[in-house]
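What you are looking at is a predicted structure, and each value in this text was computed from that prediction instead of being measured. Proteins get letters first, then strands, A, B, ... in listed order; numbering begins at 1 in each.
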There are 2 protein chains.
Amino acid sequence: MSAPQIDAVTLDGAGPLYDQIRRAIRDLILAGTWPPGTAVPAEHALMEKLGASRMTVHRALAQLAREGLITRRRRSGTIVASPPASHAMLDILSIPQEVRELGQIYSYRILQRSNGKASRDLATRFELGRSANVAHLTLLHFAGGAPHVLEDRVIHSETIPQVTDESFAETPPGDWLLQNSLWTQAEHAISAIAADPQEAELLKIDAGEPCLLVERRTWNQAEPITAVRLLYPGGRHRFVGRFGPYGSV
Amino acid sequence: MSAPQIDAVTLDGAGPLYDQIRRAIRDLILAGTWPPGTAVPAEHALMEKLGASRMTVHRALAQLAREGLITRRRRSGTIVASPPASHAMLDILSIPQEVRELGQIYSYRILQRSNGKASRDLATRFELGRSANVAHLTLLHFAGGAPHVLEDRVIHSETIPQVTDESFAETPPGDWLLQNSLWTQAEHAISAIAADPQEAELLKIDAGEPCLLVERRTWNQAEPITAVRLLYPGGRHRFVGRFGPYGSV
DNA sequence: CCTTTTTATTTGCATATGCAAATCGAGCTT
DNA sequence: AAGCTCGATTTGCATATGCAAATAAAAAGG
């Protein structure tokens, strides 16, 4: 059918009707029940199902469209949009893309890979429970043959079970996750540290050289997905962002 | 009168009516014609002035309210909102505030101050024309008596003429600018560098220690306002931001 | 004078209606 | 088969109407 899951739209009775509709549909999208590309029921269908007027349904959908969650076209109807690839502020989510935008050839190498419980060291570094079942990866990304960034990542196997069978031979884990998971929250911390001897050797810089350290953790609702530590040789890297006081003006 | 400048609201005839109204009012706010706190004309007044229905006017204002540009209250009416103090992502716009949030006593000292044309060095560092008339300031911010960050700033005197007569004895320039200027665009770059001997001495760290370098430039429309270079001792500082793929979910 | 009640104003929400614009598809024409 | 016309569907916009909620200001009451 054209409107696959119209019965999934249920209102919670809290607040204005148009906002209940908006949240109901938003939640279906964020939960992954309606993945990108799914056809959203037409205004008339929602109107009948929910017993609201078309203007009220329209208001909810128009707002979701402004927020970028859905794409609407006359006659064609409404579909769930793909999440924006990058966020306004220094969201370098894809390292291959980042390297290619510098005009260089991208490659990567997995240095280490393991599955199992988080070690004490990892649990501390990524602030997660010892009992968490995780995949742990260490890899090095190259730009034109030269080391670009050192990545240290854990992925929660409970949230993303497919990770256990994935070799990451084709796609580095960051990009793989973008395709195989949905995130609603991220935390991003940037600091400057000196490279320790081991890191320096891998990155082919001198020990003690300043590096940018990016630590990012992402969740879907309350469930942790991944935590990553990216170490960039400092002299060569900077993060740039543009924004206005109210977002994008 | 309660609606000071209703005649300033003029439509451009481009696109949907509600959006013309929305943009007309938004532009008055961003241009500073209606500073924060100004009473926005009531829906009825705009309705008569513009010849639109109340629903249409309401739609424009409701959207501006969602965007945070205005604040609306029943019976009291609508006023222009104050710009949000900090933006989602690592906008530490106020250093005094940043220090106080760390639970420490804030103070600062001006190391150098001059007015005039930008020197070659400054022009290069901040990517501006040699002919620009600027105020140039170097200052050191302290947290609980210890150096916190080294600030190097230029302010365009043409855009902000009051700067020439301001001593910055009471308020550091970053905070002063927040009160005395309006910005619509900012650019933010973060990198890691090693402190040079002179900087290290001021910050009371060892030369070569990794530091976070934040470079920020702000504009109002196309007019440059200020460019600043903030050097944070690295071990002690990190920037944290939280966000979702669609902004705030 | 202080407190309570009433009134009036302003925004917020929902509905019904009508028309316009975009565009997908079917059917028709050549 | 290729192109064209036309009808049907879906979203987009604007209006008019009515009522509800919040609340500032005025009026009433003690």
Any heavy-atom pair between the side chains of L50(B) and V9(B) that's under 4.5 Å?
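Yes; the side chains approach each other to less than 4.5 Å.
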Are side-chain heavy atoms of L139(B) and P173(B) found at a separation under 4.5 Å?
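When only atoms from C-beta onward are counted, P173(B) and L139(B) do touch, with a gap below 4.5 Å.
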Strictly by modelled atom types, are E151(B) and H141(B) linked by a side-chain donor-acceptor pair under 3.5 Å?
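Yes, a side-chain donor-acceptor pair sits under 3.5 Å.
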Sorted by chain and number, sequence neighbours left out, side chain to side chain contact (heavy atoms under 4.5 Å, CB included) with S107(B) holds for F142(B)
Ring centers of Y106(B), H148(B) separated by less than 6.0 Å
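Ring centroids of Y106(B) and H148(B) are no less than 6.0 Å from each other.
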What is the distance, to the nearest angstrom, from the CE atom on M47(A) to the C1' atom on dT10(D)?
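So the CE-C1' distance, M47(A) to dT10(D), works out to 13 Å.
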What is the separation between atom CD1 on I79(B) and atom P on dT23(D), rounded to the nearest whole Å?
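To the nearest whole Å, that distance equals 14 Å.
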At a heavy-atom distance below 4.0 Å, which nucleotide of DNA chain C is the first touched by chain A, and which is the last?
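Span of nucleotides near chain A: dC13(C) to dC24(C).
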E215(B): which residues meet the salt bridge (charged side-chain N to carboxylate O under 4.0 Å, His left out) condition with it, sequence neighbours left out?
R238(A)
Checking W176(B) now: which residues fulfil ring pair (Phe, Tyr, Trp, His ring centres under 6.0 Å) with it, not counting sequence neighbours?
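F168(B).
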Pairwise distance CZ(R22(A)) to CZ(R26(A)) - rounded to 0.5 angstrom
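If I round to the nearest 0.5 Å, the distance is 5.5 Å.
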Using a strict heavy-atom distance below 4.0 Å, which residues from residues 12-22 of chain A are in contact with DNA chain D?
none
Where each residue is assigned the nucleotide of DNA chain C containing its nearest heavy atom, which of R73(B) and R74(A) is assigned the position nearer the 5′ end?
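Its nucleotide being nearer the 5' end, the pick is R73(B).
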Could you report the tightest heavy-atom contact between I190(A) and L212(B), atom names first, then the distance?
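Between these two residues, the closest heavy atoms are O-CD1, 3.8 Å.
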Could you check whether any side-chain N or O of T226(A) sits under 3.5 Å from a backbone N or O of V154(A), counting only pairs where one atom can act as donor and the other as acceptor?
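Yes, because the side chain of T226(A) sits within donor-acceptor range (under 3.5 Å) of the backbone of V154(A).
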Mind running a 4.0 Å heavy-atom check of residues 50-70 of chain B against DNA chain C and sending the residues that fall below it, in number order?
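Heavy-atom contacts with DNA chain C come from R54(B), M55(B), H58(B).
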